[in-house]
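Scroll down for the structure; my scribbles are underneath it.
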2 protein chains.
Amino acid sequence: MAKKGQYTYEYPHPAVTADCVVFGYDGKELKVLLIRRGLEKEASTTAYVGEWALPGGFLDVEKDRTVAHTAARELKEETGLKLSYKEFKEVGTYSDIKRDPRERVITVAHYALVKLSEVQADTDAEKAEWFAFGDVPSLAFDHDKILRDAFSRLKQNIHFEPVGFELLPEVFTLPQLQNLYESILEVKFDRRNFANKMKHYEILSEVDDGTPRHGTRTPIKYRFDKENYDRLKRSGFQLEF
Amino acid sequence: MAKKGQYTYEYPHPAVTADCVVFGYDGKELKVLLIRRGLEKEASTTAYVGEWALPGGFLDVEKDRTVAHTAARELKEETGLKLSYKEFKEVGTYSDIKRDPRERVITVAHYALVKLSEVQADTDAEKAEWFAFGDVPSLAFDHDKILRDAFSRLKQNIHFEPVGFELLPEVFTLPQLQNLYESILEVKFDRRNFANKMKHYEILSEVDDGTPRHGTRTPIKYRFDKENYDRLKRSGFQLEF
DNA sequence: GTTTTTTGTGTCATATTTACACACCTGCAA
DNA sequence: TTGCAGGTGTGTAAATATGACACAAAAAAC
């Protein structure tokens, strides 16, 4: 451990942290991964002990290539979840002079989307917990605002990025996809119109898993067609819903 | 001046700066305000001396309430332009470990929109210069990328915010507005369709400045109708172009 | 076994978007 | 003075996209 007061500067420097809003989807609701503060190893963590908070932590000035790397490293340390730094999309910087009672701390908030079914096993239940987005308790620091902002950002980005496909399993059904869109955009769509429009983009391909579809009650399974999506994206478009 | 090495921390802290991309519009082209590095007072400014760069500077840990305040303060110091911190929209955080050769510096980039005709007189020509967006020289640090990203952000935000009206004079003409939209979105519109659509939003009000309009050659002057715009915004909409 | 829920599908009316032409005045030049 | 090029205003018709809507079949619930 470093000796106290080892790092000196001519002018005061703020501490910098990266926080992560990790969204998942269980087929019904949008979920968020939270940690309980003060249960970790870090000695400097003395504020908001016991409260729920977003995973995140201090930038390692010498090792973290970018704050996205900080986000990835801290997320793994605090929740067990291993994500690449590339999966973090920046939400914004929170720099209010009083946002941390201990010292001046500026945080760069990120969000990431995960396939809940594939990562739920990796999350360290001792430290972290998945909350339904609607049931999130009040959080430490300004994390309530960060969470709201991250959700808004997700809501905006759904028009430009295939966020639905990052949250759903590889293979999914149209009703699942529609449900997810409705959860994020907080609206309801007509089933037929949604299907028509989605099919019109030609970014879904049917998956034949051998299961015979006797009636219409068993939904058709689809997979995201990344090639067509990329082609569409290159030609400049927008997913309108 | 502070004594060297006065500020000590248990762990290394990065320096934090705020940079500003200030966009203006002269009726023909989008413009950007740049400064030449090394001509200022700051002693620590030893990198990229003589090169063009975005205005910006170090967060004052004790005084700047947020990084937007830093941006506003530094912009005034470096270019003479007085903007409120509220006018800065965040573009993103640039934190690459090698982005500043001197020490680890993380910057939060912002953009702001100004009415060129109203502020050109305020800009300190000794230090700062307006460049056509297309003719910007290569910049210090990673400011080239920041500038590109700020422009992309502006391009996106034009769909959600009345950016045109922040860049044009109070009173403007439809061709001017169209030209601005075309500059930002990098497309061409049909004059009639543009006028129809814009009128349909009912956010323009004709200005009668007494000048008799003999023919159609003298364009009609408009003013931005903020009330109607706000009403429209509250009802959830999007400026589609 | 009966009822309820879920899913798939297509058409028609309406709204939106796009394409497109002409008349008028200004400013400039012959 | 005349003529011409350039910039501006305006409306309509065709194509496209959107939004509303109903029924049949099987699964799931009771």
Side-chain angles (χ1 to χ4, degrees), chain A residues 25-29 158-160 164 168-169 171-183 185-223 232 235-241, chain B residues 26-29 158-159 164 168-169 171-183 185-223 232 235-241:
Chain A
Y25 188 68
D26 67 356
K28 298 206 130 193
E29 294 175 295
I158 203 171
H159 299 293
F160 303 100
L168 289 170
V171 172
F172 53 87
T173 68
L174 259 187
Q176 278 181 308
L177 185 63
Q178 177 172 349
N179 211 282
L180 175 54
Y181 268 78
E182 290 176 342
S183 300
L185 292 171
E186 299 177 296
V187 291
K188 290 282 173 194
F189 297 111
D190 179 275
R191 232 172 48 248
R192 293 156 288 190
N193 292 338
F194 183 86
N196 285 340
K197 199 179 256 185
M198 198 44 97
K199 283 177 180 168
H200 187 249
Y201 285 125
E202 299 182 315
I203 55 178
L204 299 182
S205 42
E206 282 192 30
V207 173
D208 185 2
D209 61 350
T211 321
R213 294 190 58 257
H214 296 300
T216 55
R217 176 70 186 261
T218 43
I220 298 173
K221 299 198 178 64
Y222 293 94
R223 186 187 301 280
L232 207 61
S235 71
F237 78 114
Q238 226 189 99
L239 295 165
E240 296 280 3
F241 282 99
Chain B
D26 68 355
K28 299 205 132 194
E29 293 175 294
I158 203 172
H159 299 293
L168 289 170
V171 171
F172 53 87
T173 67
L174 259 187
Q176 278 181 308
L177 184 62
Q178 176 172 350
N179 210 283
L180 175 53
Y181 268 78
E182 291 177 341
S183 300
L185 292 171
E186 299 177 297
V187 291
K188 290 283 174 194
F189 297 112
D190 178 274
R191 236 172 45 251
R192 294 156 289 189
N193 293 338
F194 183 85
N196 285 340
K197 199 179 257 187
M198 198 43 99
K199 283 177 179 166
H200 187 250
Y201 286 125
E202 298 182 313
I203 55 178
L204 300 181
S205 42
E206 282 194 29
V207 173
D208 185 2
D209 62 350
T211 321
R213 295 189 58 257
H214 298 299
T216 54
R217 175 70 185 262
T218 44
I220 299 174
K221 298 199 179 64
Y222 293 94
R223 186 188 300 282
L232 205 62
S235 71
F237 78 116
Q238 226 190 98
L239 295 164
E240 296 279 4
F241 282 98

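Small disclaimer: the values here were computed from a predicted structure and weren't measured.
With hydrogens and angles ignored, a donor-acceptor pair closer than 3.5 Å exists between the side chain of B:Arg192 and the base of C:dA21. B:Arg217 contributes no side-chain N or O that forms a donor-acceptor pair with the base of D:dT8 under 3.5 Å.
Separating the CE atom in A:Met198 from the OH atom in A:Tyr222 is a distance of 10.5 Å, to the nearest 0.5 Å. Expressed to the nearest 0.5 Å, how far NE2 of A:His159 lies from CD of A:Glu240 amounts to 7.5 Å.
Contact annotation: B:Lys197 does not reach the phosphate of C:dT16 (side-chain N/O to OP1 or OP2, under 4.0 Å). Phosphate contact (OP1/OP2 of C:dG8, side-chain N/O of A:Lys199, threshold under 4.0 Å): absent.
Counting only heavy atoms from C-beta outward, the side chains of A:Asn179 and A:Tyr25 approach each other to under 4.5 Å. Looking at heavy atoms from C-beta onward, B:Leu239 lies in side-chain contact with B:Tyr181 at the 4.5 angstrom threshold. A 4.5 Å side-chain heavy-atom check between B:Phe241 and B:Asn193 finds every atom pair outside the cut-off.
The interatomic distance linking B:Phe189 (CZ) with C:dT16 (C1') rounds to 16 Å, in whole Å. Separating the CG atom of A:Leu177 from the P atom of C:dG8 is a distance of 11 Å, rounded to the nearest angstrom. B:Phe194 has its CZ atom 14 Å from the P atom of D:dT10, to the nearest Å. As a whole-Å value, the separation of A:Leu204 CG from C:dG8 P is 11 Å. In this structure, NZ of B:Lys188 is placed 18 Å from C1' of C:dC20, rounded to the nearest angstrom. What separates CD of A:Gln178 from P of C:dT9 is a distance of 14 Å, to the nearest Å. Here C:dT16 presents its C1' atom at 15 Å from CD of B:Gln238, a figure rounded to the nearest Å. Computed from coordinates, the B:Asn196 CG to C:dT18 P distance equals 12 Å when rounded to whole Å.
Of all nucleotides listed (D:dT10, C:dT17, C:dG8), D:dT10 comes nearest to the side chain of B:Arg191. You'll find that the side chain of A:Asn193 is closest to C:dG10, out of C:dG10, C:dT7, D:dG11.
Between B:Thr173 and B:Asp190, the residue anchored closer to the 5' end of DNA chain D is B:Thr173, taking for each the nucleotide with the nearest heavy atom.
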